[in-house]
Colleague: 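Supplied in structure tokens, the structure appears directly below.
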Amino acid sequence: MNYFFCGIGGIGMSSIALWLAENGHTVNGSDRGFDKGENLVIKKSLLDAGIQIYPQDGSGLSTKTKCLVVSSAVENTIPDIQIALKQHIPIKKRSEILAEIFHSYPIRIAVGGTSGKTTITAMIGHILYKTGKEPTVINGGIMLNTYGKEASNLILGKGKICVIEADESDGSIELYHPTVAVVSNVSLDHKPIEELIPLFKNFINRAQTGSVLNADCSYTHQLISSENKSVTFSICGQKADFIAEKITQKDGQTTFQMNGINAALSVPGRHNVADALAAIAATSLIGVAPIEALQALASYRGTKRRLEKIGTIHEISVYDDYAHNPEKIAASLETIKANGGHLFAIFQPHGFAPTRLMKDDLISTFIQHTNEEDFLLFPEIFYQGGTVSKDISSADLVKALSAQKRNAFFFEKREDIIPFIMKHALPKDQILIMGARDTSLTDFAKKILNSLGELK
């Protein structure tokens with residue numbers, strides 16, 4: 001079948017496009033980021049798979065195009081969509097195509113939750129790969145381990161198992177009928193809590209074999225039930241099937257005990273231990289021995305933009321992170337501050353509506369997890385285009401944080417953050433760049449690191 005992807009550079013879109021291309025379909029696409037010269041790593045992976053890239057001007061669609069695939073974020077004013085409507089080309093959402101792929105496998109693991117989905121999905125895939133199950137994994141982030149190819153957001157296996165990251169932000173999680181459902185946690189992000197709870201409850205009730213739930217999260221704890229065969233995990237001393245204790249972080253690694261067994265991860269942070277327990281619990285439901293899963297995770301390297309260390313110059317370290325909601329930000333701040341030194345936390349909010357929804361929780365998170373010696377640096381809210389109410393600004397967050405005696409600063413031009421850091425950074429300091437959706441943030445982190453090389 002001939003597919004055309006509008007917005008093919010998106011991390012979720014590209015993985016599905018790659019799966020289709022690898023399975024014999026003709027795939028083409030466009031992306032406004034590619035038109036701007038951005039996101040070149042994803043573009044190269046698509047081109048290497050034989051996917052042709054067109055400008056996002058409608059020129060890529062033809063009479064051969066049988067389906068236009070779009071994400072929930074695109075507007076109908078985009079030329080590709082206008083051409084498809086004019087030529088009566090069927091239009092499907094990315095989530096619908098993903099559901100079709102997912103349900104073609106006999107054993108299906110779907111990972112939901114507000115935070116940790118990408119990491120848990122990657123960890124499950126890594127366990128299954130290392131234990132010889134040859135899984136297919138369609139993830140929402142690039143996995144730093146390589147599985148016969150370059151680091152990618154797709155593992156294309158020959159086995160019977162498919163693992164996906166299931167998104168709740170657009171409600172598409174309702175489409176998936178998994179063998180095993182994982183809910184990492186529930187917290188404020190794109191939707192109010194009262195809307196999230198029924199989404200996740202229905203999700204785990206559709207799981208054929210069982211669900212994996214976080215005993216430390218009060219909302220997921222409410223979903224634990226013998227009816228849906230819940231397997232639970234905890235890092236905070238709650239009663240659970242999989243428990244981690246004696247968690248210690250040092251030199252970028254984390255050691256702990258799982259149910260009394262000594263273990264180590266080559267990625268830092270308590271949140272990664274929780275994610276590891278979730279992955280071990282999920283794979284146990286399809287027959288992988290927990291001790292084998294634990295051993296497999298010793299070689300797990302992480303995912304791109306999840307506390308990814310860009311480098312260290314003059315004893316100043318730079319990290320790139322996808323954190324964009326209060327829970328993820330708290331986990332990242334806690335992990336990085338354990339390294340010592342002053343913290344330069346750069347946070348670019350990822351949309352006006354989410355920032356409006358999370359404003360109070362974002363402010364309290366930064367107050368709780370930083371001190372008066374840290375620097376909180378905010379560029380303006382990331383805007384992807386379209387019709388949206390711009391009635392909030394990063395400057396509003398800065399004003400509230402400054403009132404609470406935090407060194408918070410607003411930068412109308414993001415590039416102005418670099419000379420600020422150059423002026424104030426000292427050896428042993430940590431620089432953490434946080435934000436979602438904007439693929440240029442990684443390049444910005446690298447630019448900061450390169451600029452530090454000019455310090456004397």
Side-chain angles (χ1 to χ4, degrees), residues 102 105-113 116-137 139 143 145 155 157 159-166 176-185 200 203-217 220-221 223-245 247 254 256-265 267 270-300:
F102 185 56
Y105 287 81
I107 302 173
R108 303 172 301 281
I109 302 176
V111 181
K117 293 189 294 291
T118 303
T119 297
I120 295 171
T121 302
M123 286 180 166
I124 291 172
H126 188 72
I127 291 168
L128 296 174
Y129 183 88
K130 296 294 286 186
T131 54
K133 301 298 188 293
E134 297 192 56
T136 288
V137 181
N139 205 353
M143 298 167 280
N145 290 87
I155 303 174
K160 298 179 179 181
I161 306 171
C162 182
V163 186
I164 66 166
E165 178 178 334
Y176 310 124
H177 293 260
T179 306
V180 175
V182 180
V183 180
S184 59
N185 46 47
F200 289 124
F203 174 56
I204 65 173
N205 285 341
R206 290 194 301 275
Q208 295 172 356
T209 297
S211 63
V212 175
L213 298 172
N214 184 354
D216 297 328
C217 171
T220 52
H221 196 279
L223 302 176
I224 297 172
S225 168
S226 58
E227 294 180 4
N228 59 44
K229 301 177 185 176
S230 303
V231 177
T232 56
F233 64 93
S234 170
I235 64 169
C236 297
Q238 295 293 326
K239 182 180 178 182
D241 297 295
F242 293 89
I243 297 172
E245 300 173 300
I247 302 171
T254 311
F256 62 100
Q257 285 189 349
M258 183 193 80
N259 295 0
I261 303 170
N262 291 330
L265 296 173
V267 288
R270 291 172 58 85
H271 60 291
N272 275 313
V273 175
D275 293 343
L277 295 185
I280 292 167
T283 53
S284 75
L285 284 171
I286 59 169
V288 178
I291 187 64
E292 291 185 19
L294 193 63
Q295 292 168 348
L297 286 176
S299 58
Y300 171 75

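Remember, it's a predicted structure, so these values are computed and weren't measured experimentally. Count residues from 1 along the sequence.
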Colleague: Going by the rule side chain to side chain contact (heavy atoms under 4.5 Å, CB included), which residues pair with T136 if we only count those two or more places apart in sequence or in a different chain?
Modeller: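 For T136 the side chain to side chain contact (heavy atoms under 4.5 Å, CB included) partners, ignoring immediate neighbours, are W19, Y105, I138, L156, C162.
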Colleague: Under the side chain to side chain donor-acceptor pair (under 3.5 Å) test, which residues partner D216, sequence neighbours left out?
Modeller: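 Once residues adjacent in sequence are excluded, the partners of D216 under the side chain to side chain donor-acceptor pair (under 3.5 Å) criterion are S234.
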Colleague: Can you name the nearest heavy-atom pair linking T209 to K229, along with the distance?
Modeller: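 Smallest heavy-atom distance, with atoms named: O-CD, 3.0 Å.
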Colleague: With a 3.5 Å cut-off and sequence neighbours excluded, list the donor-acceptor pairs that the side chains of residues 271-281 form with protein atoms.
Modeller:
| residue | atom | partner | partner atom | Å |
| --- | --- | --- | --- | --- |
| N272 | ND2 | P268 | O | 2.7 |

Colleague: Mind checking the OG1-CD1 spacing from T283 to I109? Nearest 0.5 Å is all I need.
Modeller: 7.0 Å
Colleague: List the residues meeting side chain to side chain contact (heavy atoms under 4.5 Å, CB included) with E134, not counting sequence neighbours, and say none if there are none.
Modeller: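 In terms of side chain to side chain contact (heavy atoms under 4.5 Å, CB included), with neighbours along the sequence ignored, E134 is linked to K158.
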Colleague: Distance-only, no hydrogens or angles: does the T254 side chain make a donor-acceptor pair with backbone N or O of V267 under 3.5 Å?
Modeller: yes
Colleague: Could you tell me which non-hydrogen atom of C236 sits nearest to which non-hydrogen atom of R270, and how far apart they are?
Modeller: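 Where C236 meets R270 most closely, the heavy atoms are SG-NH2, 4.1 Å.
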Colleague: Show the nearest heavy-atom pair for residues S230 and L213, with the distance to one decimal.
Modeller: OG-CD1, 3.5 Å
Colleague: So, taking the atom named CD1 in I235 and the one named CD1 in I247, what distance separates them when rounded to the nearest 0.5 Å?
Modeller: 4.5 Å
Colleague: Measuring from atom OG1 of T121 to atom CD of E165, what distance do you get when rounded to the nearest 0.5 angstrom?
Modeller: 5.0 Å
Colleague: Show me, pair by pair, the donor-acceptor contacts under 3.5 angstrom made by side chains of residues 257-264, not counting sequence neighbours?
Modeller:
| residue | atom | partner | partner atom | Å |
| --- | --- | --- | --- | --- |
| Q257 | NE2 | N262 | OD1 | 3.0 |
| N259 | OD1 | I243 | N | 2.8 |
| N259 | ND2 | D241 | O | 3.1 |

Colleague: Would you say V212 and F233 make side-chain contact, with heavy atoms under 4.5 Å?
Modeller: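 Yes. Closest side-chain heavy atoms under 4.5 Å.
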Colleague: What pair of heavy atoms forms the shortest contact from A215 to T232, and how long is it?
Modeller: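 Taking A215 first and T232 second, the nearest heavy atoms are CB-CB, 4.3 Å.
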Colleague: Treating N185 as the side-chain partner and G113 as the backbone partner, does any N or O pair qualify as donor plus acceptor under 3.5 Å?
Modeller: no
Colleague: So how far is it from F102 CZ to H177 NE2, rounded to the nearest 0.5 Å?
Modeller: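 Reported to 0.5 Å precision, the distance equals 10.0 Å.
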Colleague: Which salt bridge (Lys or Arg N to Asp or Glu O under 4.0 Å) pairs, counting each pair once, include a residue from residues 230-240, with sequence neighbours left out?
Modeller: none
Colleague: Please tabulate, for the side chains in residues 126-133, all donor-acceptor contacts under 3.5 angstrom to protein atoms that are two or more places apart in sequence or on a different chain.
Modeller:
| residue | atom | partner | partner atom | Å |
| --- | --- | --- | --- | --- |
| H126 | ND1 | Y147 | OH | 2.8 |
| H126 | NE2 | A296 | O | 3.2 |
| H126 | NE2 | S299 | OG | 2.9 |
| T131 | OG1 | I127 | O | 2.7 |
| T131 | OG1 | L128 | O | 3.3 |
| K133 | NZ | T131 | O | 3.4 |

Colleague: Output yes when a side-chain donor or acceptor of S284 lies under 3.5 Å from a complementary backbone atom of P290, and no otherwise.
Modeller: no
Colleague: As an exercise, state the distance from CZ of F203 to CG of L223, rounded to the nearest 0.5 Å.
Modeller: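 Going from CZ on F203 over to CG on L223, the span is 11.5 Å.
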Colleague: Considering all heavy atoms of both residues, which atom of G125 and which atom of P135 are nearest to each other, and what is their separation?
Modeller: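 Shortest heavy-atom separation between G125 and P135 comes out as O-CG, 3.8 Å.
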Colleague: How long is the gap from OH on Y300 to CG on N145, to the nearest 0.5 Å?
Modeller: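 Between Y300 OH and N145 CG, I get 7.5 Å after rounding to 0.5 Å.
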